[in-house]
Amino acid sequence: MKILVVGSGGREHALVWKIAQSPLAGKIYCAPGNGGIEEIAQCLDIAADDINALLDFAQSEKIDLTVVGPEVPLAAGIVDVFQSKGLKIFGPSLLASRLESSKVFAKNIMKKYNIPTSGFEEFTDLDCAIKFVREAKRSLVIKADGLCAGKGVFVCATLEEQEQAINSILKDKIFGDSGGRIIIEECLVGPEASIIVISDGDNVITLASSQDHKRIFDDDMGPNTGGMGAYSPAPVVTDEALKYIQERIIFPTIAGMKSEGTPFCGVLYAGVMITNDGPKVLEFNVRFGDPETQAILPRLKSDLLEMILKSVDKKLKGYVAKWDTRSCVCVVAVSGGYPGAYKKEKLINGLNEVDGTKDEIVFHAGTKKTEGKILTSGGRVLGITSLGNDIKSAIDNTYAVLDKINFESMFFRRDIGKKALGVYAE
Ligand code: AMP
Ligand code: GLY
């Protein structure tokens with residue numbers, strides 16, 4: 001079957017890499033793809049959010065299945081458009097995508113269906129929001145309602161920070177329409193984990209747990225990024241925590257979305273914090289995580305394409321995914337300066353020295369191939385990924401691979417997976 005994968009990051013490289021291993025897969029296209037994806041799929045000069053051009057291509061090439069990586073085309077309704085033309089596509093509808101594209105919507109669903117999350121208030125009025133934080137006198141989290149490419153959340157310990165965050169969103173409109181409304185919520189404390197499931201609207205397959213590292217520097221210092229590395233499994237997600245997350249968070253959300261008349265088909269990602277009162281939802285995403293996917297898929301023994309097709313065809317019931325019991329670590333190498341301004345077009349050396357066995361994979365994110373050479377083209381450049389018999393050996397393997405690779409101003413965190421080591425040591 002002919003497959004089109006939409007997106008250009010490390011997540012999409014991992015998706016194409018895994019889908020290509022399926023006996024069901026025929027020719028794979030990726031729009032727009034990157035320098036690594038180009039090795040295993042045909043990349044197209046179509047932006048991930050150019051829904052009309054993607055539709056034209058899928059219709060003219062008779063694509064059998066489209067798999068959408070990023071949230072922007074989902075929130076813009078790519079699934080509804082493709083389905084209205086009779087095309088098979090994996091992802092939630094525009095209305096179901098509101099679980100990610102509107103934090104107010106997501107919070108109200110959680111409230112209605114009694115899904116554990118932090119207490120919150122919603123505001124559109126600047127003065128009301130300022131009055132609220134002045135009276136609250138405690139740490140709070142201020143969130144813009146709409147999509148902000150991961151930048152719309154401010155964890156604020158002081159009143160000054162809270163007022164600044166509110167002013168920047170509601171008055172200065174730094175996020176434009178995405179910041180027309182805000183959520184002000186209680187600040188939770190605890191380790192974080194990502195629980196990602198595939199749903200057909202009724203049934204779910206829960207993927208292996210993982211943990212992201214959002215801050216740029218070691219020990220979670222510095223500004224937030226798209227994600228500097230991930231590992232799977234996340235030992236903070238004990239069997240007991242997972243059961244609770246499934247029964248109190250995942251299943252009621254899927255059932256709730258169905259009873260709202262907007263069933264959720266596709267990937268649901270719950271970002272959770274394991275608090276002293278149990279796991280609570282920080283956010284929902286309606287797509288695979290990046291870089292979590294790079295650490296999860298190398299552990300998946302089952303056929304991802306088969307799982308996706310069963311989701312699209314609403315036949316997930318009873319499906320059990322098989323997992324490699326080993327650990328997987330993905331360390332993201334970025335271009336110096338990221339998440340601020342960074343250099344591009346730098347030659348990446350050492351890629352040929354990675355032997356490319358199944359246990360060591362270099363997923364590409366911001367790369368492009370020019371005249372046979374791989375150059376940097378984005379902030380997050382590569383996701384160096386290895387399996388290991390335990391988390392310690394997965395970490396060691398990954399950093400050993402990283403030693404072989406370099407490009408001008410390359411930067412990466414040196415502590416990816418360290419938290420899991422701490423938990424194991426307990
Ligand atoms: P989000 O994009 O909503 O996941 O938020 C980005 C990051 O902000 C999360 O990974 C957490 O580290 C932090 N965060 C979000 N909500 C809260 C909260 N209610 N309490 C504490 N930290 C939070
Ligand atoms: N790793 C965080 C995200 O995909 O949003």
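For ligands, and for the atoms within them, numbers begin at 1 and follow the listed sequence.
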Could R98 and F105 be counted as a cation-pi pair, given that NZ or CZ must be under 6.0 Å from the ring centre and within 45° of the axis? yes
Salt-bridge present (R326, D324; N to O < 4.0 Å): yes
Report the nearest protein non-hydrogen atom to atom 10 (O) of ligand 1: residue, atom name, distance rounded to 0.1 Å. E192 OE1, 2.7 Å
In the protein, what heavy atom is nearest to atom 17 (C) of ligand 1, and what distance, to one decimal place, separates them? L282 CD2, 3.5 Å
Atoms in ligand 2 flagged as close to G289, the criterion being non-hydrogen separation under 4.0 Å: 4 (O)
Just by distance, with hydrogens left out, do D212 and S194 show a side-chain donor and acceptor under 3.5 Å apart? no
Here the atoms of ligand 1 under 4.0 Å from any heavy atom belonging to S118 are 19 (N)
Numbered atoms and elements of ligand 1 in range of K103, under 4.0 angstrom, heavy atoms: 3 (O)
Please round to the nearest 0.5 Å and tell me the distance separating atom OG1 of T225 and atom NZ of K151. 10.0 Å
Does E283 reach ligand 2 with a nitrogen or oxygen that is under 3.5 Å from one of the ligand's nitrogen or oxygen atoms? no
So for K280, does at least one of its heavy atoms come nearer than 4.0 angstrom to any atom of ligand 1? no
Which heavy atom in L297 sits nearest to a heavy atom in A14, and how many Å separate them? CD1-O, 3.6 Å
So if I count the atoms of ligand 2 from 1 in the order they appear, which ones are less than 4.0 Å from some heavy atom of N285? 5 (O)
For atom 14 (N) of ligand 1, the closest protein heavy atom turns out to be V155 CG2, 4.0 Å
Say whether K143, considering both its backbone and side-chain N or O atoms, lies within less than 3.5 Å of an N or O atom on ligand 1. yes
Would you say K214 and ligand 2 have an N/O pair spaced under 3.5 Å apart? no
Using non-hydrogen atoms of the residue, decide whether C187 is closer than 4.0 angstrom to ligand 1. yes
Pair D145, S102: side-chain N/O donor-acceptor within cut-off below 3.5 Å: yes
In terms of heavy-atom contacts, does CG of D177 have more than 12 from other residues, nucleotides or ligands at under 6.0 Å? no
Should the heavy atoms of other residues, nucleotides or ligands under 6.0 Å from NZ of K314 be counted, would the total exceed 12? yes
Identify the two heavy atoms, one from G7 and one from C30, that lie closest to each other, and give their separation to 0.1 Å. O-SG, 3.4 Å
Any side-chain donor-acceptor pair under 3.5 Å between K107 and S118? yes
Shortest protein contact, atom 8 (O) of ligand 1 (heavy atom only): V153 CG1, 3.6 Å
As an exercise, identify every atom of ligand 2 less than 4.0 angstrom from a heavy atom of D212. 1 (N), 2 (C)
If you count the atoms of ligand 1 from 1 in the order shown, which ones are under 4.0 Å from a heavy atom of E185? 16 (N), 17 (C), 18 (C), 19 (N)
Which ligand 1 atoms does E186 reach within 4.0 Å, using its non-hydrogen atoms? 18 (C), 19 (N), 20 (N)
Modelled atom types, side-chain donor and acceptor of T376 and Y342, under 3.5 Å: no
Short list, please: which atoms of ligand 1 are under 4.0 Å from a heavy atom of K214? 10 (O)
If you have a sec, work out which protein heavy atom is nearest atom 5 (O) of ligand 2 and how many Å separate them, to one decimal? R287 NH2, 2.8 Å
Starting from atom 21 (C) of ligand 1, which protein heavy atom do you reach first, and at what distance in Å? L188 O, 3.2 Å
Please find the pair of heavy atoms, one from L304 and one from I19, that lie closest to each other, and give the distance. CD2-CG1, 4.1 Å
Using a 4.0 Å heavy-atom cut-off, which part of R11 comes near ligand 2: side chain, backbone, both, or neither? neither
Any donor-acceptor pair under 3.5 Å linking the side-chain atoms of T385 with those of Q294? no
Could you identify the single nearest non-hydrogen protein atom to atom 18 (C) of ligand 1 and state the distance to 0.1 Å? V141 CG2, 3.5 Å
When you measure from atom 2 (O) of ligand 1 to every protein heavy atom, which one gives the shortest distance, and what is it? E283 OE1, 3.1 Å
